[in-house]
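A, B, ... follow the sequence lines: proteins, then strands. Residue 1 opens every chain. Only this structure's heavy atoms are used, side chains among them; waters, hydrogens and symmetry mates stay out.
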Amino acid sequence: MSEEILEKKIKNKKEVESVTVRFAGDSGDGMQITGSQFTDTTAIFGNDLGTLPDFPAEIRAPIGTTYGVSGFQLQFSSKDIFTPGDEADVLIAMNPAALKVNIRDLKKGGTIIVNIDSFEKKNLELAGYEGTPLEDNSLDGYYVYKVHITKSTLEILKDLPLGTKTANKCKNFYALGLMYWLFDRPMEITLNWIKEKFAKSPDLVEANTRALHAGYNFGETAEMFGERYEVKPAEHFTQGLYRNIMGNEALSIGLICASYNTGLKMFLGSYPITPASDILHNLSKHKKYGIITFQAEDEIAAITSAIGAAFSGAIGVTTTSGPGMALKTEAMGLAVMTELPLVIIDIQRGGPSTGLPTKTEQADLLQAIYGRNGECPIPVIAACTPSDCFDIAYEAVRIAIKYMTPVIVLSDGYLANGSEPWLVKKYEDLPKIEVNFRTEVEGFAPYLRDENLARPWVKPGTPGLEHRIGGLEKQNITGNVNYEPENHELMVNLRAQKVKNIENDIPLLKIEGEQSGKLLVLGWGSTYGSITAAMENQKAKGNKVSHAHLRYLNPMPKNTEEVLKSFDKVLIPEMNMGQLSKIIRSEFLIDAIGLNKVKGSPFKAKEIEEKIEEILHGGK
Amino acid sequence: MSEEILEKKIKNKKEVESVTVRFAGDSGDGMQITGSQFTDTTAIFGNDLGTLPDFPAEIRAPIGTTYGVSGFQLQFSSKDIFTPGDEADVLIAMNPAALKVNIRDLKKGGTIIVNIDSFEKKNLELAGYEGTPLEDNSLDGYYVYKVHITKSTLEILKDLPLGTKTANKCKNFYALGLMYWLFDRPMEITLNWIKEKFAKSPDLVEANTRALHAGYNFGETAEMFGERYEVKPAEHFTQGLYRNIMGNEALSIGLICASYNTGLKMFLGSYPITPASDILHNLSKHKKYGIITFQAEDEIAAITSAIGAAFSGAIGVTTTSGPGMALKTEAMGLAVMTELPLVIIDIQRGGPSTGLPTKTEQADLLQAIYGRNGECPIPVIAACTPSDCFDIAYEAVRIAIKYMTPVIVLSDGYLANGSEPWLVKKYEDLPKIEVNFRTEVEGFAPYLRDENLARPWVKPGTPGLEHRIGGLEKQNITGNVNYEPENHELMVNLRAQKVKNIENDIPLLKIEGEQSGKLLVLGWGSTYGSITAAMENQKAKGNKVSHAHLRYLNPMPKNTEEVLKSFDKVLIPEMNMGQLSKIIRSEFLIDAIGLNKVKGSPFKAKEIEEKIEEILHGGK
Amino acid sequence: MTTDITDKIIYTAKDFASDQDIRWCPGCGDYSILAQVQRTLPSLGITKEKLVFIAGIGCSSRFPYYMDTYGFHTIHGRATAVASGVKIANPDLSVWITAGDGDLMSIGGNHFMHLLRRNLDVNLLMFNNRIYGLTKGQYSPTSERNKITKSSPVGSPEYPFNPTNLALGANGTFIARSMDRDPKHLQEMITRTAKHHGTSFLEILQNCNIYNDGAFFLYTEKETKEDNVVYLQHGKPLVYGKNKDKGIKLDGFHPVMVDLNDGVHSVNDLLIHDESSRELAFILSSFVDHAHLPMPVGVFLDIARDSYEETIAKQFEQVYEKGGKGDINDLLKGRSTWEIK
Amino acid sequence: MTTDITDKIIYTAKDFASDQDIRWCPGCGDYSILAQVQRTLPSLGITKEKLVFIAGIGCSSRFPYYMDTYGFHTIHGRATAVASGVKIANPDLSVWITAGDGDLMSIGGNHFMHLLRRNLDVNLLMFNNRIYGLTKGQYSPTSERNKITKSSPVGSPEYPFNPTNLALGANGTFIARSMDRDPKHLQEMITRTAKHHGTSFLEILQNCNIYNDGAFFLYTEKETKEDNVVYLQHGKPLVYGKNKDKGIKLDGFHPVMVDLNDGVHSVNDLLIHDESSRELAFILSSFVDHAHLPMPVGVFLDIARDSYEETIAKQFEQVYEKGGKGDINDLLKGRSTWEIK
Ligand SMILES: Cc1ncc(C[n+]2csc(CCOP(=O)(O)OP(=O)(O)O)c2C)c(N)n1
Ligand SMILES: Cc1ncc(C[n+]2csc(CCOP(=O)(O)OP(=O)(O)O)c2C)c(N)n1
Ligand code: SF4
Ligand code: SF4
Ligand SMILES: [Mg+2]
Ligand SMILES: [Mg+2]
C-alpha cells in the first residue's frame with residue numbers, strides 16, 4: 001500500500017496498486033485459515049498475489065507466548081508481483097505476542113489492527129512487554145486501530161449453544177470479515193467454505209458466518225476507519241483458467257501427472273518431516289490416481305523401498321528435508337550404481353542438524369551435489385516458484401526414466417508453503433514421457449547402453465531377462481561384479497558422462513534483461529521471486545542489471561559459462577553461505593560475488609537491490 | 001632391481017639398490033603372512049621399504065579362481081624410497097590364477113617364480129587359460145623359474161603326523177625360504193615368529209621350520225638360479241629405534257597416545273567395515289591402555305554413541321569407510337550444532353555405493369567437506385603415509401578438544417594396509433594436549449566462547465553446571481533453543497569462523513623443491529609416496545618441478561594461496577575425478593590441472609612423471 | 001537403574017524444573033509425566049548433577065529442556081544410542097531416556113532393541129501417544145490398524161507393534177507400563193524403573209489431545225477404567241473390575257477371563273503374577289491381542305542380569321590384573337624393532 | 001508367501017543356477033542352503049521370471065548372484081526395505097530375501113521388525129552363523145556372550161538376540177528354524193516358508209567354517225543331534241532323544257524336560273505343539289534360555305493375517321468403487337479456480 005494512502009483517513013474507496021497484509025496470532029487462533037481464505041478470495045477476485053506462512057516449531061505452544069505465534073503474509077496487486085512483499089502495510093495482531101514478533105516486518109507508517117481484548121496483563125507479560133505498547137510511545141508513526149475482536153465475536157454468538165471456548169475460536173472470521181471490508185473483497189468464497197467445512201455441525205456454520213458478517217459490518221458502520229482500499233484485478237494475466245497453488249501441492253500434482261502420463265505406478269516411500277510431510281499427505285489423499293504411498297519406518301527405508309519399487313518397474317519417489325536427506329545418501333549411491341530411475345525430493349529447511357525446522361534455507365545444495373561416498377554423480381534440479389514445483393517434479397520424472405538415474409529435486413520451506421496464482425495446465429498439453437521397458441531377450445545385457453548411455457529398464461516378471469544387479473562395481477555391459485582397474489575407471493566415467501549428457505536435453509540459460517553488460521544476478525531456487533522483484537525496481541530506477549536463474553544445477557545448461565562471461569560481474573544471492581558461488585567459481589573460475597542471508601527467511605527485494613546498487617555505484 | 005642385473009645369470013651375489021617383489025597366490029595360500037614376514041625381516045635387516053597388500057573382496061573364494069587371488073607387494077632398498085614400487089621385479093605365483101592376475105604389474109624383463117605343481121589342467125582352466133602360459137610364448141621376455149613348491153614341501157613333511165591339507169599349507173614358507181636365499185636375508189625373525197605363532201602345536205612349528213629351510217636350501221643347492229641379489233642396508237636413516245608400521249596400526253596407537261596424554265577415557269564407537277575394521281580390532285586389543293571399544297549395531301549408533309561419550313567427557317572416536325561415512329552425516333550435524341569434540345575417521349575405499357571394498361580411492365573428500373545438511377563446517381585432515389596416520393590421529397584429537405568440534409580424518413585402503421619403517425616416537429616427546437573441563441559455576445553459560453571461539457566442555461556430574469544442549473539452533477551464549485533470524489545468522493557465522501580459526505594453529509604449507517617456478521605438484525593424502533618418488537626421478541632428470549602436500553584440507557594452511565600462486569601451473573594428482581581440484585579452483589580461482597586415476601590402486605610414480613613431462617615439455 | 005545415592009541433599013520436585021518455558025500444548029499428557037518424574041526424583045536420592053536426561057526428536061523428546069539436570073536433545077531416533085555412549089563412558093551417571101513412540105519404535109527401533117539386549121543400566125521412558133505429534137499427526141508404529149490420520153486418509157494399512165512384546169523379544173530385563181492419567185501408579189513405576197539394575201523400559205500411555213485425543217480414555221477415565229485395566233502385582237492373583245469381581249486364569253497357556261461371582265471360580269483359580277518369568281510376561285503382554293482381556297499395567301518383567309558397563313568394567317579389571325596397565329612406550333615400539341646406529 | 005503358480009513349466013534345481021561362479025569358502029554352509037533352495041523351487045511351481053531374490057551385504061547376501069532369477073544385491077541391512085518396495089509395487093512377484101545375522105539383526109534390525117509387523121507376503125531366510133563373515137570375523141548380535149572374536153579379544157560383553165523371540169516380539173506371522181546340515185528338513189521348511197501368506201521368517205543355523213566353525217555341531221552332527229534337537233510338528237507332542245525317550249511338558253508356563261522311561265511320565269503328559277499360538281511359540285522359542293532344554297527346529301508359528309499389499313489393494317478398490325478413478329484435469333484444477341477472460 002503506497003504510503004500516501006495511509007497518511008490520511010479519507011472517506012470512501014482509495015485505489016492502490018499493491019498491498020501486503022500480515023495476519024498474526026496464537027497457533028490456536030486460526031491465522032493460517034484466515035490467511036488462506038483471504039488468499040483464495042483475492043485470487044478469485046483476480047489479483048496477482050504471493051503468500052508466505054510462518055509457523056512456529058511447536059504444535060500449540062502455550063497460549064500467548066512469542067514462540068507460539070503463527071503468521072501469514074500475503075501481497076496482492078493489480079500488477080505483476082513476485083513475492084509475498086518485503087514488509088507489511090497492514091498487520092493484524094490477535095494478541096500482544098503477535099505484535100511483538102511481527103512489528104519488525106511492518107513498514108514504517110503502516111497500519112496495525114489489534115485485538116484490544118487480548119491486551120491485558122497476563123498476555124502482555126507472556127509476550128515480554130512491560131506495560132502495554134498501546135499506551136507508551138513505541139508505536140508512534142504507525143496507524144493503530146484497537147478493535148474488540150474477541151468481545152464482539154462472543155457477543156454476537158451468545159445465543160448459540162456453543163461453549164465460550166468454541167465461540168472464541170470464531171474470532172478469526174471476525175477479523176477476516178473486517179479485512180474483507182477494508183479491502184473490498186466479496187465474502188461468498190469464504191461463506192461457501194464455511195458451509196462445506198463445518199457441514200457436520202450447523203451451529204458452527206452459523207457461528208462463523210455470523211462472525212464474518214459482524215467483522216465486515218463493523219468496518220462498514222464504525223466510524224473508525226476513514227476509508228477502504230481497492231486493489232483492482234490484475235490485467236497482466238493471460239487469458240485462461242487460474243487457481244491458487246502452493247509449492248508442495250504443485251509438486252504433488254506434478255508427480256501424479258507424470259505417473260499418469262507414463263502409465264506407470266508411482267511409489268512414494270517417505271518418512272514425515274517438516275516441511276516435506278505435506279507431499280506425503282497430498283499423495284496419500286490422491287489414491288484415486290493410483291499413487292502408492294508407503295510411510296516408511298525411517299528415511300533409509302523410505303529411499304530403499306523406492307529403489308525397490310523402481311527395480312520392479314514403478315516410478316520410485318522419496319521426499320524429505322535436510323536431516324532426512326543426510327540419512328539417504330548411502331542409498332543414493334546404490335541407485336547410482338544400479339542406474340535405476342528415482343526421484344529424490346528435498347524440501348530444504350534451516351540447518352545444520354535439526355536446526356530451524358519451520359524456517360526456510362537453501363543450504364543443502366552442496367550436499368545434493370557432492371554429499372555421497374565415491375564418485376557418485378546425480379542430476380540436481382531446483383524449483384524457483386511455488387508453481388514451478390509442478391514443472392520441476394514432472395521434469396525430474398522425465399530425466400530419471402530417460403537416463404535411468406536418480407534425480408534430486410530441491411525446493412524449500414518458502415516455496416513449499418508459499419502460494420501464487422497459476423494458469424491451470426491442461427493435462428493434454430503436457431509433454432509425453434517415454435517409457436520403454438526392455439522385453440526382447442535376444443542380445444540383452446543389463447548394462448548395455450542406449451544413445452543417452454542409459455541402461456535398459458526391465459520389469460521383473462519379464463521372461464528370459466532374469467538378471468542381477470547390486471552395489472558392487474559392475475562390469476561394463478554384463479553388469480557382473482567386477483573389480484578390474486580399467487573397468488572401474490570406465491564405469492566411473494560412463495556414469496559421469498551419462499549425467500553430463502543431460503545438458504543436451506535441457507533449455508539454455510535465459511537472460512532476463514540486457515544480454516551482456518556490467519552485472520548479472522545469478523539465482524537458483526526460491527530466490528527467483530525476490531530477484532525478479534528487485535529487477536523490476538531496478539529497471540524502474542534505470543539501473544542496468546540482468547538476471548539469469550538456474551533451474552538445472554547439475555548439469556548446468558550448456559551456455560552457462562557463456563552467459564556468465566557476458567557480464568563484468570556476477571552476483572549470486574543465496575539463502576546460504578555461498579554454495580552456488582562455490583560451484584560457479586570452481587566450474588568457470590569466475591570471481592562471483594555472493595550475497596548471503598542465513599536468517600531462515602527469504603530475501604527482501606530491497607536487500608538484493610542494495611547489493612546491486614553497491615556493485616553498480618560502489619555503495620548505496 | 002635395475003634391469004641389467006637380471007639380464008644375465010652370473011654366479012654369486014650381485015648388489016642392487018632397490019627391488020620390488022610381489023607374492024601372489026590363493027586367498028588360502030598365506031601370501032599375506034609370507035609378505036609380512038619378508039617385510040619384518042627386511043625392515044630389521046635395515047632396508048627402507050614400502051608395502052602394498054592386495055586382498056580379494058571374497059573371504060576364501062573357490063581355490064584357483066582369479067577373484068580369489070591375494071597379493072602382497074614390497075619394495076625394499078638401500079636408499080630412501082616412498083612407495084611399494086611401480087612394477088614388480090620378481091613375481092612369485094603360487095598358481096595359474098595368481099600369474100594371470102599379476103603379470104600386468106610385472107616389469108618387462110622381470111623374473112617369475114611359479115609353483116609348477118599347481119599348473120595342471122583344472123587350475124589352468126579355473127584361471128581362464130587355454131593351454132599353459134608356461135609353454136606358449138606368452139611369457140617371452142621374462143625369466144621364468146619353475147619350482148616344485150608343493151611337491152617339495154609335502155616331501156619333506158611326509159614323516160610328520162599332519163594331513164595333506166595341513167602339510168600343503170606350509171608351502172608358503174618354502175616359497176619364503178627361497179626368497180630369503182635369493183635376497184640373502186636372515187631367517188631368525190621368521191623362525192622365532194613360527195615358534196611363537198604355533199606354540200600350541202609343536203608339529204606345526206617343526207613343519208613350517210622345515211619348509212622354510214627347505215626353500216632356502218633349494219636355492220642354495222639347485223643349479224637353477226644363477227645368482228643371488230644383495231640389497232645393502234639403507235644409510236639415510238637417522239639414528240634411532242625403528243619399527244615397521246602399517247597405517248591403521250599407526251592410527252590406532254596415535255589415538256591411544258592422545259588418550260593417554262590427555263588423561264581422558266577414549267571411547268570408540270564403530271561398526272566393522274573394510275578397510276577400517278582393523279582399527280576397531282587394534283583398539284579392542286589394547287584394553288590395557290584403557291580404551292573403550294563399543295561395537296555398535298550400525299554406523300549411526302557408532303557415531304551417536306561416540307557423541308554421547310564426548311558429551312559425558314570422554315574422547316569420542318568413530319571409524320568407518322565410505323558407505324558408513326555416508327550414514328553418519330546426519331549425526332555429524334548434531335556434533336557441529338552441539339560443538340562437542342569428536343574424531344571421525346574415514347578409511348576410504350573404491351566407490352560409489354559398496355563399490356570395490358578392498359581397493360583404494362580418495363573419492364570421499366567432497367563428502368567430508370560438504371556432505372551434510374545445512375551450513376555445517378567440520379575440519380578435515382588427511383594422512384599422507386602409513387606412519388603419518390599416527391600424527392594425524394594425534395592432531396585430530398588435539399584440534400577436536402581445543403576447538404570443541406568434530407574433526408574428520410581421511411586415510412585410505414592403501415595407507416591403511418601399507419607399511420613403512422618408522423622411527424619410533426618416544427611418548428615423552430609428544431606435544432601436550434590441554435584439556436580444561438569447566439567446573440566454575442560463576443558466570444557459566446553453555447555457549448560462552450574462549451579466544452578460539454570454543455565453548456566450555458562440562459562433564460556431567462559437575463555440580464552447579466547442569467545444562468541442556470541439542471540439535472535445534474542455539475541462542476548465542478545461553479545455548480537455549482532459538483529461532484530468531486539474527487541469532488541464526490550469527491551462529492552460522494560463529495561456527496564457520498571457529499573452524500576457520502584453526503588455520504592460525506597449523507603449520508604453513510611447505511614446498512619441496514624450488515620455492516617458485518613453472519610447475520607445482522599439489523597432493524593430499526596417500527599420493528604422497530608416488531608424488532615424492534616421481535619428484536626424485538624428475539630431479540635426477542634435471543626437470544624443475546616442486547611438490548606441496550596438503551595434510552590440512554579444511555581449513556587449509558594460511559599460505560596455500562601464496563604457494564599456489566608462486567607457480568605458473570599447478571598439477572593435482574588424485575585417486576578420484578578431481579575433488580581437491582574442485583576445491584582449489586573454487587577457493588583460489590586457479591586453473592589447476594587434474595591428473596585423475598580411479599582404478600582402485602595408487603599412482604605409479606611413472607604415471608605422475610609422464611604428466612609432469614607433458615606439462616613441462618608439452619608431451620612426453 | 002541404580003547409581004550412587006545421597007541422603008544429604010533433600011530435593012523437592014521444583015528443584016528439578018529448569019528455567020525454560022514449557023512448550024507443549026495445553027492439556028497434553030506430557031505435562032503429567034514431567035510432573036511425576038519431578039515428584040519422584042527427590043525420593044531416589046540421586047544428586048542433581050548426576051542426572052542426565054536424553055531424548056531424540058518429537059514433542060515428548062523436548063523433555064530434557066524442562067529438567068534442571070544435564071540434558072541432551074539429540075536427533076530423531078538416536079537418543080538410546082547417544083545414551084549408550086554417555087553411560088558407558090561415565091557409568092556413575094544416572095541416565096534417563098525419554099522418547100516418543102515414533103522416535104523409539106519407528107526410526108529408532110534398531111537402537112532400542114540393541115539397548116535392551118545389551119542391558120545398559122539406563123531408564124527408558126516411552127511416551128506412547130500412538131501418533132506422531134510434532135510432525136502434526138501421522139500414524140505411528142503403535143497406531144491401530146485402519147486409523148485415519150494425515151498420512152492415512154483411508155486408514156493405516158499397518159499392524160502395530162505391541163511395545164512390551166517387542167521389548168520382550170529384544171531380550172529386555174525390565175518391562176513395565178503405566179499411564180499419564182494415573183499419577184500415583186506412574187510415580188510408583190518411575191521408582192521401579194529407577195531401581196532396576198539394567199535397562200528399564202517403561203511404556204507410558206500418553207494422551208495427545210491435539211492429534212489423538214482420548215486414545216486411552218477407556219483405560220484412564222473413571223467410568224471405564226476399572227473394568228478395562230488390570231494392575232499387575234508380583235505374587236498376587238490377577239483380579240480387576242469395579243467390584244474386584246473379575247479375574248484371569250490360565251487355561252494351558254491361554255489366558256481366560258473369569259467371573260469371580262459365577263459360583264464356579266474363586267481367587268485361588270487365578271493366575272499369580274510372577275515378575276521373574278519371561279514366558280509369563282509375554283502371555284500378559286499379549287492380552288491386548290485378545291479383545292476380552294483387560295489392559296495390564298505394572299511391571300511385566302524384572303530380572304537380574306549383568307549390565308553392559310559392569311561387564312566391561314570386569315573385563316578391564318581382568319586385563320589389568322593379568323598384565324597391569326600398559327606401558328605407553330611399549331605400545332609405540334610394537335612387536336619388533338631395530339636400532340639404526 | 002504365495003504367488004500365481006504354473007504347472008506348465010517343469011524345472012529342475014539346475015534351472016535356478018546362474019552362470020556366476022560361486023565365491024563362498026569351500027565348506028561353507030551357504031552352499032547347502034543354496035542347494036536346498038534350488039531343489040525346492042521346482043516343486044513350488046512359480047515361473048522363474050516371477051522370482052526375485054534380494055539381499056543386503058555379507059557372505060550370505062551374495063546369494064542372489066547364484067540364482068538364475070531376478071536378483072538385487074542391495075546395501076548392508078536394507079534388503080528387507082528394498083524388498084518391501086519391490087513387493088508393494090509389484091505384488092505378483094515371489095519375493096525372497098536372504099540375509100546374514102549381522103545384515104538382518106544388526107544394521108538391518110529396524111527394517112526387519114517393521115517388515116514383520118506389516119506382514120508383506122515375502123520370504124525371509126536368515127543365514128545365522130553367529131558371526132560377521134564377510135568382514136572377517138567380528139561378533140554379531142547372535143553371537144554368544146563372552147565369545148572371543150577379532151573385535152572382542154577378551155570376549156563379547158553383549159547378550160545375544162534370540163532371533164525367533166525377536167520375530168515374535170515384532171508381531172511376525174510365520175516363524176521357523178532349520179539347519180544347513182539337515183537338507184531334508186531345510187527343504188521342508190523352505191516349502192512351508194514359501195506357502196505361508198504373509199512375511200515368513202526362517203532362521204537357518206549355518207556353519208561358517210572359517211570364522212565360527214562348529215557353532216552348531218551340537219545340533220547338526222550325528223552323535224549329539226538327536227539328544228539336543230526337538231523337531232516341532234503341529235498337533236504332535238514334543239518328543240526327542242536318540243531313543244525317542246525324552247519329552248517336554250509344561251508346568252504352568254514353565255517347560256520341563258521329562259524322561260519317558262521314568263515310569264512316571266508318558267507321551268500323554270507332553271506339550272502338544274500348536275502352530276497357531278503366539279504364546280506357545282514364545283515358550284518354545286525361549287527353550288534356548290534354559291540350558292537343559294533341546295533346540296527346537298521347525299515351525300514355531302504360522303498364523304493368518306492380511307498382508308500389507310492385500311490391504312492397500314482393498315483400499316484402492318474401495319476408493320475406486322466410491323469415486324471411480326480420478327480425472328486428471330480435475331486434479332490440475334484443484335478445489336477452486338477462476339477464469340481470466
Ligand atoms: C531424521 C529426521 N526425520 C524426521 C524428522 C521429523 N520428525 C520429528 S519428530 C517425529 C515423530 C514424532 O513422533 P513421536 O516420536 O511419537 O513423538 P511425539 O511428538 O508424538 O511425542 C518426526 C517424524 C526429524 N526431525 N528428523
Ligand atoms: C554400511 C555398511 N557398513 C558396514 C559394511 C561392512 N559389512 C559388510 S557385510 C557385514 C556383516 C556381515 O555379517 P552377516 O550379515 O552376518 O553376513 P555373513 O557374512 O556372516 O554371511 C559388514 C559389517 C558395509 N558393507 N556397509
Ligand atoms: S501435539 Fe500432542 S503430543 Fe505434541 S505437545 Fe501437543 S498434545 Fe502433546
Ligand atoms: S567366511 Fe564363513 S560365511 Fe563367509 S563364505 Fe567363508 S565360510 Fe561362508
Ligand atoms: Mg508419539
Ligand atoms: Mg553372519
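If you measure heavy-atom distances from A:F267 to chain D, the contacts under 4.5 Å come from the side chain alone. Only the backbone of A:T293 comes within contact range of chain D, with at least one heavy atom under 4.5 Å from a heavy atom of that chain. With a 4.5 Å cut-off on non-hydrogen atoms, A:Y242 touches chain D through its backbone and its side chain both. Interface remark: A:F45 contributes no atoms to any contact with chain D (heavy atom separation under 4.5 Å). Contact of A:A314 with chain D is made through the side chain alone, with heavy-atom distances under 4.5 Å. With a 4.5 Å cut-off on non-hydrogen atoms, D:Y320 touches chain A through its side chain but not through its backbone. Looking at D:Y308, only its side chain comes within 4.5 Å of chain A, counting heavy atoms on both sides. Interface remark: A:K265 contributes side-chain atoms only to the contact with chain D (heavy atom separation under 4.5 Å). Of the atoms belonging to A:A310, not a single heavy atom falls under 4.5 Å from chain D. Contacts of A:A234 with chain D are absent, with no heavy-atom separation under 4.5 Å from either backbone or side chain. Contact of A:L264 with chain D is not made at all, since no heavy-atom distance falls under 4.5 Å. A:E330 touches chain D through backbone and side chain together, each having a heavy atom under 4.5 Å away. Only the side chain of A:F311 has a heavy atom closer than 4.5 Å to any heavy atom of chain D. For A:S252, no part sits under 4.5 Å from any heavy atom of chain D, backbone or side chain. Contact of D:R117 with chain A is not made at all, since no heavy-atom distance falls under 4.5 Å. For D:I312, the part lying under 4.5 angstrom from a heavy atom of chain A is the side chain only. Only the backbone of D:M67 comes within contact range of chain A, with at least one heavy atom under 4.5 Å from a heavy atom of that chain.
Going from atom OG1 of D:T173 over to atom NE2 of D:H197 covers 8.5 Å, rounded to the nearest 0.5 Å. Distance OG/D:S94 to CG/D:L51: 4.5 Å, rounded to 0.5 Å. Once rounded to the nearest 0.5 Å, the distance linking CD1 of A:I291 with OG of A:S259 reads 4.0 Å.
Among D:K322, D:Q315, D:H111, D:M113, the residue with the largest count of heavy-atom pairs under 4.5 Å with chain A is D:H111. With chain A as partner, the option from D:T74, D:V52, D:T80 having the largest number of non-hydrogen pairs under 4.5 angstrom is D:T74. Annotation: maximal heavy-atom pairing with chain D below 4.5 Å, among A:G46, A:C257, A:G316, occurs at A:C257. When D:H76, D:Q20, D:K325 are compared by the number of non-hydrogen pairs under 4.5 Å with chain A, D:Q20 comes out ahead. Of the listed residues (A:V424, A:I303, A:L334, A:L423), the greatest number of heavy-atom pairs within a distance under 4.5 Å of chain D belongs to A:L334. Contact count versus chain D (heavy atoms, under 4.5 Å) is highest, among A:A301, A:A331, A:G254, for A:A301. Per-residue heavy-atom pair counts under 4.5 Å with chain A were compared for D:V319, D:I54, D:I57, and the maximum is reached by D:V319. Ranked by heavy-atom pairs under 4.5 Å with chain D, the first of A:N244, A:I307, A:L241 is A:L241. For the set A:G240, A:A306, A:P233, the count of heavy-atom pairs under 4.5 angstrom toward chain D peaks at A:G240. The greatest number of non-hydrogen atom pairs below 4.5 Å with chain D, out of A:K288, A:E249, A:M337, A:K459, is found for A:K288.
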Working note: D:F72 + D:F53, criterion ring-ring contact (aromatic ring centres under 6.0 Å, His included); need CA distance, chi angles, decisive distance, verdict. CA-CA 6 Å; D:F72 201 163; D:F53 280 81; over 10 Å; no

Steps toward side chain to side chain donor-acceptor pair (under 3.5 Å) verdict (D:Q36, D:S32): CA-CA 6 Å; D:Q36 306 331 317; D:S32 163; 3.3 Å; yes

Start with the C-alpha distance between D:N110 and D:R78, add both sets of side-chain angles, then the distance that settles side chain to side chain donor-acceptor pair (under 3.5 Å), and finish with yes or no. CA-CA 9 Å; D:N110 204 28; D:R78 319 302 173 189; over 6 Å; no

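When the heavy atoms of residues 332-340 of chain D are compared with those of chain A, the residues falling under 4.5 Å are D:L332, D:K333, D:G334, D:R335, D:S336, D:T337, D:W338, D:E339, D:I340, listed by number. Annotation: residues 465-472 of chain A contacts chain D through A:L465, A:E466, A:H467, A:R468, A:I469, A:G470, A:G471, A:L472 [non-hydrogen atoms, separation under 4.5 Å].
With respect to D:R118 and A:E297, a salt bridge is recorded, a charged nitrogen being found less than 4.0 Å from a carboxylate O.
Residues D:F112 and D:F201 bring their aromatic ring centres within 6.0 Å. Taking the six-membered ring where the residue is Trp, the centroids of D:Y66 and D:F16 are separated by 6.0 Å or more. For an aromatic pair to be called close, the ring centres must be under 6.0 Å apart, and A:W422 with A:F390 satisfies this.
For the pair D:K136 and D:Y211, the cation-pi test (distance below 6.0 Å, angle within 45°) is failed.
Note on ring orientation: taking the six-membered ring where Trp is involved, the planes of A:H286 and A:Y289 are perpendicular (angle over 60°, cut-offs 30° and 60°).
With 3.5 Å as the limit, one finds a donor-acceptor pair spanning the side chains of A:E428 and D:N329. Counting only N and O atoms by type, the side chains of D:Q206 and D:D30 include a donor and acceptor under 3.5 Å apart. With 3.5 Å as the limit, one finds a donor-acceptor pair spanning the side chains of D:S106 and D:Y132. A:Y427 and D:D327 share no donor-acceptor pair across their side chains, judged by distance under 3.5 Å alone. No donor-acceptor contact under 3.5 angstrom links the side chains of D:E49 and A:T462, judged on distance only. Donor-acceptor pairing under 3.5 Å is lacking for the side chains of D:S84 and A:S305.
Of all heavy-atom pairs between A:P456 and A:A445, the closest is CG-O, 3.5 Å. Between A:A296 and A:A302, the closest heavy-atom pair is CB-N, 3.4 Å.
A:V336 has its side chain within reach of A:P406: a pair of non-hydrogen atoms, C-beta onward, lies under 4.5 Å apart.
The main-chain N or O of A:M187 is never found under 3.5 Å from a side-chain atom of A:T190 such that the two would form a donor-acceptor pair. Under a 3.5 Å cut-off, the side chain of A:K328 and the backbone N or O of A:E299 do form a donor-acceptor pair.
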